[in-house]
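Input: a single structure, listed below in structure tokens.
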Amino acid sequence: MARVTPSKLLNFISPKIHLYSRVSKESCNLPIVTALGQSFQIRERRPAAPKPRFPLWFLKKERVQYNESLTVDNKNFIKEVSHDKFGPPAIISGLSTYDTPSPLKEQPLVKGEWTENTKRCGLITRKIGCYPMWDVKGRLIWSTLLQVVDNHVVSFIPSENINSERKNRKAKNPLGALLIGAESCDPQKYTKEYCGLFAGAGLPPKRFLSKFFITPNAKIQPGTPLYATHFQPGDVIDVAGVTIDRGFQGVMKRWGFKGMPKSHGVTKTHRRGGNIGGGGEKARVWPGTKMPGHMGNKRRILRGLTIWRINTKYNVLYVQGLAIPGETNSIITIFDTILPLRKKKQAPAYFPTFYPSDLDDPLPEDLYENSVHHFDAPTITFEEPK
Amino acid sequence: MFSNLYRQCLVEKHFVYNLFPLCKWSQCFASSQPELATESTIQAFEEPEKRSIKLEQRFIYPEFLPDPKIEWRNSIRERLERQDMLKRRSQIEIPEFYVGTIMAVTSFTPHSTSKKNRFLGICIQRKGCGLRATFVLRNIIDNLGTEVAYHLYDPTIEKIEVIRLEKRLDDELFYLRDALPEYSTFPLDMEPVILPDNTPIPVNTTQVILKPRPWVGRWERTDFKGINREHMMTLISDKMKMQIAKHQKPWEKYDLMKQYRATIPEEEQKEIFAEVYSQLHQLELGKKKSKRIRTFVKPKKSA
């Protein structure tokens, strides 16, 4: 729930009020005195859902899977063509995909230099479950496993294009955007236009697409695969996902109200919210009153989570906490945190991203944060005081 | 801090609110085990040798089977979990045990003065899958019922000893909280009883006598075999007796879908145990070897 800033609040009420109001700039909970001398209060109002907008790359994705009455030979031929184009089907780090040969057609981009204001791209992951780990002092750490699912850079959108697409933007966005795709699919599943999105990068169509705003120095060549080692253990990230859809819920579940007694003369009002407004001058239901309604199925961001461990074989990140939004097997996007105190102060180990070809030896299967206990390490002991 | 928190002594009544969800979960998991695959059906398809290896393992290592709830399953997570479990098992010997087994756990804890703690008690519950597996030990210490919940794969556990390997008639023994104290009192210096190899696990058929009400659970509505029913009926009111029939669900044993949702299919079980079998077998062999070395003790000269 975001607080409405005083200036926004005034715009919301009426521009006239501005002249007569005594609203302090620090707090918006003070009473507003109108021209007529009446005072009323607007406390908090939940921000409205953002206007639904098509993404920049919007194209018709799914097509009708009507029966094309193809012969077996024809079907095999189509398969052969797509395998010729995108490589043979393969299981890479536990996921079925295409073994796409290096699709870089153009000269690789020159790697940029990291500065403090740099914004790197993020990753598309799948939440695959939760399990406990212990730190070296024997304390329990709960972690959520996020698997990086076959991510590739699809295209780079320069900032000019973003600004021209969205004419109504007040401030020009100096950031460009990287379009990242996850989970390669059979091209027959999707429309021709949608498959065309990936043609430039030489990739098979991806099931999920996500856009990450980046500074131009963090640009990555389209077609580059992204791995879990884009991050390092100990990095702090923000995660965004769609919360579990709970449908229409009452106030007890949705807002944690206490409800009312089960007995002692109480009838027909055990799980109800009770009063929702007073009389007098505020004889109405105030904006933001907690009432029953639809719960969940909203995009939510959880900030400042530490990465405890990384599995390089299956591209799995072990992220702090159990509260990552969404069900198991749902899609979560992750990116470097924007929290000012936990943001990266030094250049990341791999910039703009991790390239396996840069390393002489392959990475070990498990990378741990320093404070995390390895499962194959001996039992944690505490020395007896002398 | 689940384990550390519960490791403190807990007075029995604090558990009242925790009891019901626990019961529900483990009951459906544990009771479903014997019904997984009847011996006769498997015999028809499988060679006897293979059968004995794979099907016994689901009782010895129940936590290697994932949670059957379909929404929470993910094959890669499960595989990673099993690998970590095996890594921990390479460091510590986690013995075969069942609900009803008397065990002693030695663990390191920063809070005690000696930094080490040994607790002996009867296992009253075993639940959770994968690394989340936990078990609860119960004993009565200084006339105070004490229960300690341990994570099976907690790296601060130094040693898990099985004192008396046996099963009870039920899959969880929370009714011991309401039973007379002698049923859950075990001396802390109990001598371990060693069973000869390849003997079937003995089943302890004790039927406990409950204390008068109030209880932490509605034991009269359950069908736990380990409660002396005749005596229990003398402790409850006529109204409670009348309500027993109302709360029974005799149709549930015919609910095939319920059973299906609460279990892992046989084919998948075989796949899982085929994956971990060689490593588990290696660990077992190592265990046997070290046991043989340990058993040889030089006889002392008696004066």
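In what follows, chains are A, B, ... by sequence order, proteins preceding strands, each numbered from 1. The analysis underlying the following values was restricted to heavy atoms, covering all of them including side chains, and did not include hydrogens, waters or symmetry mates.
If you take CG on A:Asp376 and CD on B:Gln83, they are separated by 11.0 Å, rounding to the nearest 0.5 Å. Atom OG of residue B:Ser107 and atom CZ of residue A:Phe382 lie 9.5 Å apart, to the nearest 0.5 angstrom. Taking CG from B:Leu80 and OH from A:Tyr131, the interatomic distance works out to 5.0 Å, rounded to the nearest 0.5 Å.
In this structure, chain B has heavy atoms under 4.5 Å from both the backbone and the side chain of A:Ile128. Residue contact with chain A, scored on non-hydrogen atoms closer than 4.5 Å, is absent for B:Arg89.
Per-residue heavy-atom pair counts under 4.5 Å with chain A were compared for B:Glu158, B:Gln91, B:Lys116, and the maximum is reached by B:Gln91. By number of non-hydrogen pairs under 4.5 angstrom with chain B, the leading residue of A:His373, A:Glu327, A:His374 is A:His373.
The two residues A:Asn329 and B:Glu71 come nearest to each other via the heavy atoms ND2-O, 4.3 Å. Nearest heavy atoms, B:Leu131 versus A:Pro132: O-CG, 3.6 Å.
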Checklist entry - Given the rule in the side-chain contact (heavy atoms from CB on, under 4.5 Å) test, do A:Asp366 and B:Lys87 qualify, once you have shown the distances and angles that lead to the verdict? => result CA-CA 12 Å; A:Asp366 277 309; B:Lys87 277 180 192 168; 3.2 Å; yes
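Other residues, nucleotides and ligands place no more than 12 heavy atoms under 6.0 Å from the CE atom of B:Met242. Crowding of A:Arg271 atom CZ: a count of heavy atoms from other residues, nucleotides or ligands under 6.0 Å not exceeding 12.
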